[in-house]
Amino acid sequence: MSSTQQRATPPPPPPSPSSDVEKSPGRWLALAVLVLAVLLVAVDATVLGLATPYISEDLKPSGTQLLWIGDVYSFVIAGLLVSMGSLGDRIGRKKLLLTGAVAFGAVSVLNAYATSPELMIVARALLGVAGATLMPSTLALIRNIFHDPRERSLAVGIWGAMASAGAAVGPVVGGFLLEHFWWGSVFLINLPVMAVLVLVGIKLLPESKNPAPGPWDLMSVALSLIGMIAIVYAIKEAAAHGFRWDIAVAAVLGLAALTWFVRRQLTLTAPLLNMHLFRNRGFSGAVLADLLTVLGLSGLVFFLSQFLQLVQGRRPFEAGLAELPAAVGAVTAGLIAGMVARRFSVRAVVAGGLAAVGLALAALTGISQSTGYPLLGASLLVVGVGAGFSFTVTADVILSSVPKEQAGAASAVSETAYELGAALGIALLGSIVTGVYRDFTAPPGTPPDVASAAHESLGGAVESAATLPPRTAEPLLASAQDAFVDGLRLASAVGAGVLLATAVAAWFLLKGQRLES
């Protein structure tokens, strides 16, 4: 062979490190471990709604304390997600995920054995600290394990489907436990899932992190936490109790902290969050769509379990089964969302999904105590399908918009939008339900202390009515249930408006956006 021929046939290039990961069958086993973490968080979030009536009866929280029990987890996790996502980029996403899983399991025990509303709120806050390590780590690891765009879309779809499956498994398993054990048992189901995740994850999950991350800026961590918690607290308190001077102070403090945070990120050589990500219209549009979608949904979901149990008289297990259509729709849509978005367009799938959810919520403005299950089941199915399409595609857009080295921080932005939306939704829509509910008139002859307890929450009304003779108890309970349903109808209308407006915004913000082929 001549020297010319030798030069014309260069040696094959060495395989890239990523190609080994792409072709290794172990990536799907690794995904199975990651979705266990998603299942852990989703189950915990949904069982709380079912357990709320029992927590109300046992711990006797006030209406405000009950809202704090429901949303303090989201407040804390929203404040820490960006910091934890960035920490995972620095120290390793596998290490952070497994450490967080152990902490999540341990704090679940504290939730299960809480003996007062104050301790329950603290336990939920600590669970938020642990939970902040899980979700951004799972999405970031998916971004680094699956380099083929179509495989990544399927992996994200499975990730989202598992979250929806957790939303289905949580109420069913939780309902079974609540009928046979005390309410704390619903938190202890986290322990076996956590154990499997840690033991199997140590062997199967590959480690990944930013090769040149820079230092973890503690000042940015503090500013992010203070800013997010102060802003969410101000909105929650203003929605529940009206404007007060301390709410104004919290709002100003939060805005100042977040402004300082943004300015600091723009000057750091290794920022906690790369603010230039938001210059990408697809990234910003997907994040905004997630935030507003969850805001429109979460308050309704939080109170739906109470409606099924305390208004329609369903047992916890039956209430869990009644919520299954939403999860079935979300799982189905999540698995095919990537394919549908490539066949049509990202904005058509996201905007269409959000519009469907908005219309389903609008249908729920006509519910009453006697509403049959076909309307509820059909509405929940449409909600699940629409949300499954939207959340899966927006997660894919966010992940594909950034270099894999910044996957943790980008995933954390996505999850922050989700958790902030959940906190704001429970605060705003929950406050609407609570505000309307508290205005109901107790029937004549109701003892003042019983009336006061009944006005705190619907669970308090059910418990109070049980201490009264039937001729007084029945009118009290009927009046309380009517007021709760009135509040739920109004919250559904507001949620529908938010979702339909978000669908219109997504149509314009995601124009021209495509998933990688």
Side-chain angles (χ1 to χ4, degrees), residues 48-72 117 121 235-242 295-314 319 361 364-371 376 422-468 472-498:
L48 179 66
L50 276 178
T52 296
Y54 297 85
I55 294 173
S56 295
E57 182 179 351
D58 189 19
L59 302 184
K60 297 178 172 55
S62 67
T64 300
Q65 286 176 326
L66 193 62
L67 284 178
W68 273 107
I69 290 171
D71 59 24
V72 70
I121 292 170
I235 294 173
K236 172 190 175 298
E237 289 298 301
H241 305 295
L295 190 156
L297 277 173
S298 58
L300 178 72
V301 171
F302 181 72
F303 284 99
L304 187 60
S305 290
Q306 295 181 63
F307 170 79
L308 292 170
Q309 293 178 74
L310 301 179
V311 176
Q312 292 202 326
R314 301 176 190 269
L361 293 183
L364 291 178
T365 59
I367 64 172
S368 66
Q369 183 173 359
S370 60
T371 296
L376 287 173
L424 292 175
I426 291 175
L428 296 176
L429 300 185
S431 296
I432 289 173
V433 176
T434 303
V436 173
Y437 171 79
R438 284 177 175 168
D439 286 341
F440 84 87
T441 303
T446 305
D449 58 330
V450 173
S452 175
H455 279 92
E456 284 295 329
S457 67
L458 183 57
V462 172
E463 184 180 357
S464 299
T467 66
L468 299 174
T472 307
E474 291 176 5
L476 173 66
L477 190 56
S479 183
Q481 289 173 336
D482 287 343
F484 184 87
V485 173
D486 287 342
L488 195 57
R489 282 199 292 260
L490 181 56
S492 298
V494 173
V498 170

Distance in Å, Asp486 CG paired with Ile432 CD1, rounded so as to fall on 0.5 Å steps: 13.0 Å
Step-by-step side-chain contact (heavy atoms from CB on, under 4.5 Å) determination, Leu364 to Thr371: CA-CA 10 Å; Leu364 291 178; Thr371 296; over 6 Å; no
Ser492 side-chain N/O to Leu488 backbone N/O, donor-acceptor pair under 3.5 Å: yes
Worked check of side-chain contact (heavy atoms from CB on, under 4.5 Å) between Phe440 and Leu476: CA-CA 9 Å; Phe440 84 87; Leu476 173 66; 4.0 Å; yes
Polar side-chain atom of Arg489 near backbone of Gly366 as donor-acceptor pair, under 3.5 Å: no
Beyond-backbone contact of Phe484 with Leu310, side-chain heavy atoms, under 4.5 angstrom: no
Student check: side-chain heavy atoms of Leu361 and Val498 closer than 4.5 Å: no
Rounded distance [0.5 Å steps], CD1 in Ile55 versus CD1 in Ile69: 6.0 Å
Contact summary for Ala480 and Tyr437, nearest pair of heavy atoms: O-CE1, 3.4 Å
Partners meeting ring-ring contact (aromatic ring centres under 6.0 Å, His included) with Phe307 (sequence neighbours left out): none
Exercise: identify the closest heavy-atom pair between Gln312 and Gln369: NE2-O, 3.3 Å
Step-by-step side-chain contact (heavy atoms from CB on, under 4.5 Å) determination, Val433 to Leu490: CA-CA 7 Å; Val433 176; Leu490 181 56; over 6 Å; no
